[in-house]
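The next block holds one structure in the form of structure tokens; read it before the comments.
Remember, predicted model here, so these are calculated numbers, not experimental data.
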Number of protein chains: 2
Amino acid sequence: MEQERVEVESSIGLAIKQASVALRGAMEAALRPLALTVSQYACLEQLGQRPGISASELARSVFVTRQSMQTLLQGLLDRGLLTRPDSPPAGRALPAELTEAGAALLDQASRVVAQVERRMLAGLPSGHLDRLRADLAACVAALVDPGVPDA
Amino acid sequence: MEQERVEVESSIGLAIKQASVALRGAMEAALRPLALTVSQYACLEQLGQRPGISASELARSVFVTRQSMQTLLQGLLDRGLLTRPDSPPAGRALPAELTEAGAALLDQASRVVAQVERRMLAGLPSGHLDRLRADLAACVAALVDPGVPDA
DNA sequence: GACTGTATGTCAGGATGCTGACGTGGAGCA
DNA sequence: TGCTCCACGTCAGCATCCTGACATACAGTC
């Protein structure tokens, strides 16, 4: 069987990367006034929706290693945006929760990010939203099929 | 006007990020036997299609800074995959070109990457391919609208 | 009770990519 | 000619995230 090479013009992979880079850039710019990186925002968002989860669990949600998450959490901790108990209530996991300040900042950040998303989707016919999400999900499912390491 | 917050379950941004991470991971794994990173492959692919372009131009094509591209090119240069003149033929740009070895490796890499793309698209109805690309392109266009810095 | 497996937090080191700044070469214009 | 503006290559410093390794705590089995 003859194997085809990549055609740059029609590569879906390139299109995904472009979208990802553009989105990340737009989010960084939007979050800069709040002194938050995209990773930090993602962290707060997850923490807002699933209070009390461990750093490792958080890391998996945000697609970074738990080592990176420790550094990330420390920064948010120093700013008083979240709290962690000094000693683990059970096992080794230290459940993190947003402080009042953290929840307030998350609220601002979430609105800013939602605005970016709306701007991105403005160029898209409204009906295409669900199908785009479905198509992307199908791609992810096909890729992670053989199982994800350390997740 | 009441501004909405992000809903994690329905966020297109998250879907794009997931797809991007999954794709990058799959490509890294596929390219590892060839001792190429995703960035290096992207660099070779561009160079194969546009021989003689400068490092700065290459950097823009691959979404990295020209500083990073210099490091990247040096690695490929040391492996004899491409050539650059010692002195600029005009202006300051040093046009890069693939060597025979570079072209051969690119050929292998391109097939491997195409295979990953096919695997990704296997879970997608065939007709959805073009519309997915179109939708992503529309998103990118809407985001980069105010102009891209240093590009 | 002892052992194994899994999950978490943590430390050390390195790879990668970025921002900022500088010098140089060419194009455009008065 | 002299000046300005821009693009390219390059150096230095820094941030981020990674891999690898280790100790600890719980659940399961025997």
| Would a distance-only check, ignoring hydrogens and angles, find a side-chain to backbone donor-acceptor pair under 3.5 Å from B:Thr83 to B:Thr99? | no
| task | Examine distances only and state if a side-chain atom of A:Arg133 and a backbone atom of B:Ser11 form a donor-acceptor pair shorter than 3.5 Å. | result | no
| request: Find out if a path of hydrophobic residues (ILVMFWY) with successive side-chain heavy-atom gaps under 4.5 Å connects A:Leu76 to A:Leu94. | output: no
For [X], report the nucleic acid contact type (base, sugar-phosphate, nothing); a contact means any heavy atom under 4.0 Å.
{"X": "A:Ser39", "result": "sugar-phosphate"}
{"X": "A:Ser54", "result": "sugar-phosphate"}
{"X": "A:Leu94", "result": "sugar-phosphate"}

Expressed in angstrom and rounded to an integer, what is the separation of [X] atom [atom1] from [N] atom [atom2]?
{"X": "B:Glu57", "N": "D:dC8", "atom1": "CD", "atom2": "P", "answer": "7 Å"}
{"X": "A:Arg32", "N": "C:dT19", "atom1": "CZ", "atom2": "P", "answer": "9 Å"}
{"X": "B:Leu58", "N": "D:dT10", "atom1": "CG", "atom2": "P", "answer": "14 Å"}
{"X": "B:Met69", "N": "C:dC18", "atom1": "CE", "atom2": "C1'", "answer": "14 Å"}
{"X": "A:Leu73", "N": "C:dT10", "atom1": "CG", "atom2": "C1'", "answer": "13 Å"}
{"X": "A:Gln40", "N": "D:dA15", "atom1": "CD", "atom2": "C1'", "answer": "12 Å"}
{"X": "B:Gln70", "N": "C:dC18", "atom1": "CD", "atom2": "C1'", "answer": "15 Å"}
{"X": "A:Arg92", "N": "D:dA25", "atom1": "CZ", "atom2": "P", "answer": "6 Å"}

| Side chain to side chain, A:Leu36 and A:Leu44, heavy atoms closer than 4.5 Å | yes
| task | Indicate yes or no: at least one non-hydrogen side-chain atom of B:Val6 is less than 4.5 angstrom from one of B:Leu14. | result | no
| field | Residue met sooner reading DNA chain C from 5', once A:Ser56 and B:Ala90 are mapped to nucleotides | value | A:Ser56
Please check the phosphate of [N] (OP1 and OP2 only) for any side-chain N or O of [X] closer than 4.0 Å.
{"X": "A:Arg24", "N": "C:dG17", "answer": "no"}
{"X": "A:Arg60", "N": "C:dA7", "answer": "no"}
{"X": "A:Arg84", "N": "C:dG9", "answer": "yes"}

| task | Assign each of A:Leu72 and A:Pro89 to its nearest nucleotide of DNA chain D by heavy atoms, then name whichever residue's nucleotide is nearer the 5' end. | result | A:Leu72
Nucleotides 20-22 of chain C: which of its N/O atoms have a protein N/O under 3.5 Å away?
residue	atom	partner	partner atom	Å
C:dG20	O6	B:Gln67	NE2	2.8

| said: To the nearest 0.5 Å, what is the distance between CD on B:Glu117 and CD1 on A:Ile16? | reply: 8.0 Å
| From B:His128 NE2 over to A:Arg131 CZ, what is the distance, rounded to the nearest 0.5 angstrom? | 8.0 Å
| message | What's the closest nucleotide to the side chain of A:Thr37 if the choices are D:dT16, D:dG9, C:dG9? | response | D:dT16
| Which nucleotide in the set D:dC8, C:dT8, D:dT19 lies at the smallest distance from any side-chain heavy atom of A:Thr65? | D:dT19
| Taking atom types as modelled and ignoring hydrogens, do the side chains of A:Ser20 and B:Arg24 form a donor-acceptor contact shorter than 3.5 angstrom? | no
